[in-house]
Asks: 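The structure under discussion is supplied below as structure tokens; questions concerning it will follow.
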Amino acid sequence: MQLNMKLFISSLFAVASAVHTSVPSMTAPSCSAGSGTVHYDKSVPDKGQFPKTQVDVCYDDTSVHVTFTAFEETNYYFNASQGTNDPIWQYEVMEGFIYRGTNDPQTYLEFEVNPNNVTFQAWIFNPSKVRAADHPLDTSYLTQPLIDGISAQTTLSKAAQKWTSSAKIPLGLFNVDNGQAKGTLWRMNFFRTVVAPATYPDQLLGAWSPTNESNFHMTPFFGHVSFV
């Protein structure tokens, strides 16, 4: 009982601090007009130095396009035995958490890609909005991403110490009809994990909108994105 009470109180503090967080925003145009771009170089949760990371977002008639670029990369560390929807987040990935709407969501899409172009895509049910220990966190995998229209293309540039992944995610996953994305409002956050063979499983975490815990599943920290 005492442990459960401590977990409950900890969850309340997490929610309270997240509610008062100011979050970033961006605008994203049609891909024919360019893209919205954000950069981040702050670690989670201490907001210390982190390798520069860039995310570009735009939309077309059928899809949301997200391009992740990891700079200052030295490891390109992944597990070659892993496939679609395996726990690639244990190694190096870039991630987007995506929700159509303006509130702090309980359900959202988690998309990840690693330097080997392996992807993870699932709906996350997070009723506490902060992955509280006394609440469920459930995962519903999208098991046929290519058939669904989800794709990624990843290139490594070791001479430039970077890797880039361009992802395409169908609007229909978010109940946006084809050709109707302009004017829609979204909540998103973007993340990157950095780890080397010598430091595994300890990771350095970074985010566009840094959370106040080593926990990406905190939706009050999601930034605001407008499709213009």
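The shown structure was predicted, so the numbers you read here are calculated from the model rather than taken from an experiment.
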Asks: When you measure from the side chain of R187 to the backbone of N103, do you find a donor-acceptor pair of N or O atoms at a distance under 3.5 Å?
Replies: yes
Asks: Check the pair E72, F50 against side chain to side chain contact (heavy atoms under 4.5 Å, CB included), reporting the backbone distance first and the verdict last.
Replies: CA-CA 9 Å; E72 303 174 79; F50 186 82; over 6 Å; no
Asks: Are F97 and W186 close enough, and set up right, to give a ring pair (Phe, Tyr, Trp, His ring centres under 6.0 Å), and what steps lead you there?
Replies: CA-CA 11 Å; F97 288 13; W186 304 70; over 10 Å; no
Asks: Test your reading of the model: is there a side-chain donor-acceptor pair from R192 to the backbone of K52, 3.5 Å cut-off?
Replies: yes
Asks: So do L204 and P51 actually touch side chain to side chain, heavy atoms under 4.5 Å?
Replies: yes
Asks: What are the two closest non-hydrogen atoms of V118 and Q82, and how far apart are they?
Replies: CG2-O, 3.8 Å
Asks: How close do N117 and A152 get, heavy atom to heavy atom, and via which atoms?
Replies: ND2-O, 3.1 Å
Asks: Ignoring hydrogens and geometry beyond distance, is a side-chain donor-acceptor pair present between W163 and E73 at under 3.5 Å?
Replies: yes
Asks: Could you check if a side-chain atom of T193 sits within less than 4.5 angstrom of a side-chain atom of Y91, using non-hydrogen atoms only?
Replies: no
Asks: Checking P45 now: which residues fulfil side chain to side chain contact (heavy atoms under 4.5 Å, CB included) with it, not counting sequence neighbours?
Replies: S214
Asks: Do the side chains of N79 and I88 get nearer than 4.5 Å, heavy atoms only?
Replies: no
Asks: Can you sort out the partners of Y141 under ring-ring contact (aromatic ring centres under 6.0 Å, His included), two or more places apart, ordered by chain and number?
Replies: F120
Asks: Would you list the pairs meeting disulfide bond (SG atoms under 2.5 Å apart) in which at least one residue belongs to residues 139-219, sequence neighbours left out?
Replies: none
Asks: Would you say the side-chain atoms of N189 pair up with the backbone N or O of S209, donor to acceptor, closer than 3.5 Å?
Replies: yes
Asks: Could you pull out the closest heavy-atom pair between S63 and D60, with the gap in Å?
Replies: N-OD1, 2.7 Å
Asks: Quick one: does any side-chain atom of R131 pair with a main-chain N or O of H217 as donor and acceptor, under 3.5 Å?
Replies: no
Asks: Side-chain contact, heavy-atom cut-off 4.5 Å: D41 with F71?
Replies: no
Asks: Quick check on the hydrophobic clustering: are Y40 and L205 connected, directly or via other members, by side-chain heavy-atom contacts under 4.5 Å?
Replies: no
Asks: How about L109 and L142: do any of their side-chain heavy atoms sit closer than 4.5 Å?
Replies: yes
Asks: Within the 3.5 Å criterion, strictly below it, is a donor on D56 or T37 matched to an acceptor on the partner's side chain?
Replies: yes
Asks: Does the side chain of N85 pick up a donor-acceptor pair with the side chain of Q121 at under 3.5 Å?
Replies: yes
Asks: Could you report the tightest heavy-atom contact between M188 and W208, atom names first, then the distance?
Replies: O-CZ3, 3.5 Å
Asks: Do you know which two heavy atoms are closest between D202 and V195, and how far apart they sit?
Replies: O-CG2, 3.2 Å
Asks: Could you tell me whether the side chain of N114 and the main chain of N116 form a donor-acceptor pair under 3.5 Å?
Replies: yes
Asks: Side chains of H39 and T53: does their closest heavy-atom pair fall under 4.5 Å?
Replies: no
Asks: Do the side-chain N and O atoms of D46 and S43 include a donor-acceptor pair separated by under 3.5 angstrom?
Replies: yes
